[in-house]
Amino acid sequence: MAGFDKRVGSYEEALRGLADGMTVAAGGFGLCGIPENLIAQIGKGGCRDLTLISNNCGVDGFGLGVLLKQRQVRKMIASYVGENAEFERQLLAREIEVELVPQGTLAERLRAGGAGIPAFFTATGFGTSVADGKETRQFDGRGFILENALTADFALVKGWKGDWLGNVIYRRTARNFNPVVAVAGKITVVEVEDLVEPGTLDPDGIHTPGIYVDRVIQGRFEKRIEKRTVQPN
Amino acid sequence: MALTRGQLAQRIAQEFKDGDYINLGIGIPTLAAGYVPAGIEVMLQSENGLLGIGPYPTTERVDADLINAGKETVTARTGAAFFSSTESFEMIRGGHIDLTVLGALEVDVEGNIASWLVPGRMVKGMGGAMDLVAGAKDILVTMTHTSKSGESKLMPRCTLPLTGRGCVRRVLTDLAYLEIEGGAFILKEWAPGVTVEEIRHSTAARLLIAPDARQMQLPGG
């Protein structure tokens, strides 16, 4: 690599440095916009005792669900895990630690982590078990809880178009958590469908500026659909 | 007769006001998108990053990159916008959503709602529900009046872990439309063919009958 050229030649290289016990944040909502090849590479690499931060944890047999199945995950930080029977089984059997976080709080904790904000107050979860053990405060007569920022050793991101410098554009609802995961990584790795030369992407349209990105690679994506719903003919 | 899913969706849609930005929960609330009353326009928000949900796609237009919060493939209507999860929850938590319609396991007379966890049995997570009940300007809870085993879901006090405290004022069930006030559920409308006695029998919490209570009006019914 030279200068700002962040291209890597293989998925192995894309995840170089990932080790047992690390924290990995991954973009995606359900299976939409997940960095599926980077996740699969973790499965091949075999790292264990990982803490995963992701809105969901894939499904049985695809996405992060594979890492669960292979017992590579020590702890999961997520907002909704309803689509994954193996996860629910491991959780109820206390084989995995889980921190369920309201979806907006999860996004904001990652944003805060990337923005150098150590914690913030939110009304979400006040008066529920989410507030247990957390500082609370009243503002204008309403209760708020203090939530801490989240960062990750590795942030895994799926983009649509990216350039060598790490500038990324996402497509439709595949954007979801990806931009906010991108800012929260000590090492941020982006896989894109289309890797282009600098100058190709319109600077006005960049969703994730390259400063957040350390490595970028072009991948091929299955883009599995969880619920294919169509109009009745 | 208890309301069908379609009738529930119709009744939900009667709560839509022209110009509302609305977030519909997974399941029956999502169906309400198909019953927007004539002459009004609403914009549906999906917390995974879409403002302006359109109808389900034709087979040819199915796009893996375009789903709703229920992970169903959808389309984007004219004038739609895409954004990140952070921005989506700025809309929700910042009080920019006019109405959210979502399901529940229990609601009580204090306006508490439980919807995300049955300890030791069901672990799905709260998703965006805690953010929605904390941030939306108006909340309509939609659920069956009783559980599958016949237990009331309208409680003196929620027994399950809460999603939000003191935030619910309106509940639509398959038997009735009710409001919460002064430590009781106030029956405002009963479903066609359902008696007030049946509703009383199925309600564990204090139930009062509004002076202007009436049978629910449904189009074509």
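A quick note: this is a predicted structure, and the numbers were derived from the prediction, not measured. Proteins come first, then strands; the chains are lettered A, B, ... in the order of their sequence lines, and each starts at number 1.
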Quiz item: Are the side chain of B/Asp138 and the backbone of B/Asp98 linked by a donor-acceptor contact shorter than 3.5 Å?
Solution: no
Quiz item: For B/Glu87, is it the side chain, the backbone, both or neither that has a heavy atom under 4.5 Å from a heavy atom of chain A?
Solution: neither
Quiz item: What part of B/Ile92 is in contact with chain A, defined as an atom under 4.5 angstrom from a non-hydrogen atom: side chain, backbone, both or neither?
Solution: neither
Quiz item: Listed by residue number, which members of residues 123-141 of chain A have a heavy atom under 4.5 Å from any heavy atom of chain B?
Solution: A/Ala123, A/Thr124, A/Gly125, A/Phe126, A/Gly127, A/Thr128, A/Ser129, A/Val130
Self-check item: Side chain / backbone / both / neither for B/Thr163 at chain A, heavy atoms under 4.5 Å
Solution: backbone
Quiz item: Distance only, no hydrogens: is a donor on one side chain within 3.5 Å (strictly under) of an acceptor on the other, for B/Arg170 and B/Tyr177?
Solution: yes
Quiz item: Going by residue number, which parts of residues 100-120 of chain B are within reach of chain A, meaning a heavy-atom gap below 4.5 Å?
Solution: B/Trp116, B/Gly120
Quiz item: Would a distance-only check, ignoring hydrogens and angles, find a side-chain to backbone donor-acceptor pair under 3.5 Å from B/Asn48 to A/Thr173?
Solution: no
Quiz item: Does any heavy atom of chain A fall under 4.5 Å from the side chain of B/Val123, the backbone, both, or neither of them?
Solution: both
Quiz item: For A/Tyr170 and B/Ser84, does a side-chain donor sit closer than 3.5 Å to a side-chain acceptor?
Solution: no
Quiz prompt | Structural part of B/Arg61 lying under 4.5 Å from a heavy atom of chain A | solution = neither
Exercise. Measure the shortest side-chain to side-chain distance between B/Ser88 and B/Gln45 over non-hydrogen atoms and say whether it is less than 4.5 angstrom.
Key: yes
Quiz prompt | Structural part of B/Ala69 lying under 4.5 Å from a heavy atom of chain A | solution = both
Quiz item: Just checking, B/Lys71 and A/Phe29: is the charged tip under 6.0 Å from the six-membered ring centre and within 45° of the axis?
Solution: yes
